[in-house]
Structures are given as C-alpha cells and as structure tokens.
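Structure record follows, encoded as structure tokens.
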Protein chains: 2
Amino acid sequence: MAYSIQTVSEKTGLAISTLRFYDKAGLLPFVARDSSGYRAFTDGDLALLHTIVCLKNTGMKIADIRRYIELVMAGPTTAKDRSALLAAHREKVVAKQQEIARSLAEIDYKLQMYASPEAEEKVAQEWAMASADKEKNGLPNPFTA
Amino acid sequence: MAYSIQTVSEKTGLAISTLRFYDKAGLLPFVARDSSGYRAFTDGDLALLHTIVCLKNTGMKIADIRRYIELVMAGPTTAKDRSALLAAHREKVVAKQQEIARSLAEIDYKLQMYASPEAEEKVAQEWAMASADKEKNGLPNPFTA
DNA sequence: ATAAACCCTAAACTATACTTTAGGGCAAGG
DNA sequence: CCTTGCCCTAAAGTATAGTTTAGGGTTTAT
C-alpha cells in the first residue's frame, strides 16, 4: 500500500505544500504517480524522505540535497560520491555547531551575570561606561533612561 | 577615538552594507554620527555589536534582536526582561542544537555504512529493496541505472 | 448524480536577510 | 580647483524556502 501526500505530511510533519515544493525542486524524483496522477509514496520513499529531512535539519540547501538525491537515483556506482558529499557536509555542520556553541557560551556568560547577586550594580556599571564612552568622544549620548 | 564603518566592518567581519542594514533595522540605535553625518562607533558600541553577532549566530531573528537592544537602550531597569529574553532564546538554541545532533547522528550512521567493507553489497541491497517496493505497489520503477 | 473530501498544477505572494545601484556630500592631497 | 577615497540614503534587486491562491480533476458515500 502506497501513502497519499496527506498521510506522508502527517508522518513527516512536513506541510503538504512543502512536499509538493520539494517535488518540484527535484528532491523527490523517486515518488511515483497513480493512475489519477496522485503521488504514491512507498515505504522506501519515506526512508529517502527521512534522509532528506536529516539533511535539511542540518542546514543543507535544497540545491545540494538535490545533488545527493541525483547520486542516489544514479545507482549503487555513485556510493563513493554520496559518501564524499555527506562527509563534506558533516564537517560543515560540526564547524557550525561549534560556532553556535561558542556564541551560546557568551550568552550564558551574560545570563550568569544577570543572575548574580551583583547584577544590578554590574548592569548600572555597563551603562555608565557606555555613556562615558560617548561623552569621551564628544558624541551625543543615546543612553537616556 | 571612534571607528569608521569600514574599520568596524574589518573588525567584525560584517559587510559595510550589513552594518547599514542593521542600523536601518533598528539594531544600532546607539551608534552616534559625527558632524558630517558619518557613523562613529565607540568601543562600547563594538561590545554591543558583538552581542548582536552572538545572537545572530545562534539564529535569533532581527526583530527579536531589536527587541533585546530596545531593552538595553531603556536602561538598567530592564535587566530582568533582558535576562528572560536571553534565557528563552538559550533554550531554543539548545533544543535546536540537540535536533541537529540527532540528524547528524543519522548522517554519521550512513557515512559509517558507506565506509564499511560491505558497503557495496549494502548499497546494492538498498537499491533492490527500493525497486521491489515500487514493483510491489504496481508503480513505475524510477531506479533505472 | 451530487456533495464532501481528496488530489493536481501554475503562478503569485510572503518572509527573512542581505546586497547592489544610483545619486550625492565631505575631506585631504596635488 | 579637482581628483580620490570615504561616507550617506533610498530604493531596487537577489537568494532561499516556502505558502497561498485560483482553477480544475477524482473518489466515495448518500
């Protein structure tokens, strides 16, 4: 039994319009049509769609996902290319994760400051320094609360 | 000494056009102008800009960053609101990081499969199953290499 | 045989974040 | 004076990823 687009939408959490958009974008060349022209998703299609979602979740662009799918469609001989593509993507994702972690650490530092007992003084101090910074340069002070 | 927009661009890695865009979007209300109408960034401004970049790096939308900056501009009394805003953002970022990690783990699983000695068979097997899946449902088989 | 619930495409529209272009001022050196 | 290098704004353009709309078949139960 094949699945309708609505069923697939429910199973994957992707909007029906998104599934059609992906199809038009060349991400779903493997999805067949029934006698009425309706998309008929098999379980194998769902597996591939799941991979597409993983790539999307990790920030891969549609155009690159299409490239991966093209390799899959071209058969087992492209296994090495697929592997290379995924490995390159993996490295980019890891780098991005690290960058986000660094920024998050800075946000955590600020949070911790706001949570400390001396938060009030510290914030007031920051305020004073920013103001002084403006005055020092003969610039109008926008910190006017 | 205040910094020109070009200098700030070099220090932050943000394009000049991006800095102007951020200013127009209300992210840089603290940046003063000199007698010629040129933007004059102080060190304090750079610190705030750095925070903006952290928020941007972690995926916060411009509109939300503006909200944070508005709180900063409103003075030390808004410290609790800022803290709440950052804490909420932090949770979203952590959740997103975990989701990415899960998807990455699946990509890693595929990579590991491609790297195994039995990769060739496994890929051929996947291919056969996807094909069978189509035939079983009386659908055209798009896997035609 | 008709209404309700699905499915389809093409094309226009939206959102987000920038970048580019066009037109023009200011400041320093030759 | 005038060229060169910065700076400015406003507005249009680009890129990416969808979503919505308009118009139209299909399937199923009544």
Side-chain angles (χ1 to χ4, degrees), chain A residues 1-29 31-42 45 49 52-69 89 92 96 99-100 103 137 139-140, chain B residues 1-29 31-42 45 49 52-69 89 92 96 99-100 103 137 139-140:
Chain A
M1 256 293 294
Y3 307 110
S4 72
I5 197 171
Q6 184 165 238
T7 303
V8 173
S9 172
E10 286 157 4
K11 276 177 181 276
T12 62
L14 296 171
I16 289 177
S17 62
T18 302
L19 287 166
R20 291 208 260 246
F21 169 73
Y22 283 176
D23 195 1
K24 195 158 57 171
L27 265 51
L28 314 179
V31 176
R33 301 300 180 107
D34 68 15
S35 53
S36 301
Y38 294 4
R39 290 175 186 81
F41 293 78
T42 64
D45 294 349
L49 189 46
I52 289 172
V53 169
C54 281
L55 295 176
K56 190 200 75 153
N57 279 346
T58 51
M60 189 182 280
K61 285 183 187 175
I62 300 281
D64 294 332
I65 299 178
R66 181 173 51 220
R67 175 75 190 129
Y68 176 75
I69 293 297
H89 177 59
K92 271 187 262 179
K96 183 70 183 171
E99 191 196 346
I100 293 174
S103 287
N137 287 285
L139 298 169
Chain B
M1 255 296 293
Y3 307 110
S4 73
I5 197 170
Q6 183 165 239
T7 304
V8 174
S9 172
E10 287 156 4
K11 276 177 183 272
T12 61
L14 296 171
I16 289 178
S17 61
T18 303
L19 287 166
R20 291 207 260 247
F21 169 74
Y22 283 176
D23 195 1
K24 195 159 56 172
L27 265 50
L28 314 179
V31 176
R33 302 300 182 106
D34 68 14
S35 51
S36 300
Y38 294 5
R39 289 174 187 83
F41 293 78
T42 64
D45 293 350
L49 190 47
I52 288 172
V53 169
C54 282
L55 295 176
K56 190 200 74 153
N57 279 346
T58 51
M60 189 182 281
K61 286 184 187 173
I62 300 282
D64 294 333
I65 299 178
R66 181 173 50 222
R67 175 73 189 130
Y68 176 75
I69 294 297
H89 178 58
K92 271 186 262 180
K96 182 72 183 169
E99 189 196 349
I100 293 174
S103 289
N137 288 284
L139 299 169

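Order of the sequence lines fixes the chain letters, A, B, ..., with proteins taken first and strands second; residue numbering starts at 1 for each chain.
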Sugar-phosphate atoms are those with a prime plus P, OP1 and OP2; base atoms are the rest. Using that split, label each nucleotide of nucleotides 14-26 of chain C B, S or - for protein heavy atoms under 4.0 Å, 5' to 3'.
-> --SSBBB----BB
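Not one N or O on the side chain of B:N57 forms a donor-acceptor pair closer than 3.5 Å with the backbone of B:C54.
Between B:L19 atom CG and D:dC8 atom P the separation is 10 Å, expressed in whole Å. At whole-Å resolution of the value, CG in A:D23 and C1' in C:dC8 are 11 Å apart. Rounded to whole Å, the distance from CD1 on B:I16 to C1' on D:dG5 is 12 Å.
Contact between the side-chain N/O atoms of B:R20 and the OP1/OP2 oxygens of D:dC8 is found at a separation under 4.0 Å. Between B:R39 and D:dT9 there is a side-chain polar atom (N or O) within less than 4.0 angstrom of OP1 or OP2.
Considering every non-hydrogen atom in both B:A2 and A:N137, the closest pair reads N-OD1, 3.6 Å. A:I16 and A:Q6 make their closest contact through CD1-CA, 4.0 Å (heavy atoms, listed as atom of the first residue, atom of the second, distance).
Near DNA chain D, meaning a heavy atom under 4.0 Å away, the residues from residues 1-11 of chain B are B:S4, B:I5, B:Q6.
Note on residues 52-69 of chain A: pairs passing salt bridge (charged side-chain N to carboxylate O under 4.0 Å, His left out), not counting sequence neighbours, are A:R67-A:E70.
Side chains of B:I5 and B:V31 form no contact here, defined as non-hydrogen atoms less than 4.5 Å apart. Looking at heavy atoms from C-beta onward, A:L14 lies in side-chain contact with A:Y22 at the 4.5 angstrom threshold.
To the nearest 0.5 Å, the span separating CG on A:L28 from CD1 on A:I52 amounts to 5.0 Å.
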Please report the C-alpha distance between B:R20 and B:R39 in whole Å, then the side-chain angles of each, then the deciding distance to 0.1 Å, and finally whether the side-chain contact (heavy atoms from CB on, under 4.5 Å) criterion is met.
-> CA-CA 9 Å; B:R20 291 207 260 247; B:R39 289 174 187 83; 3.5 Å; yes
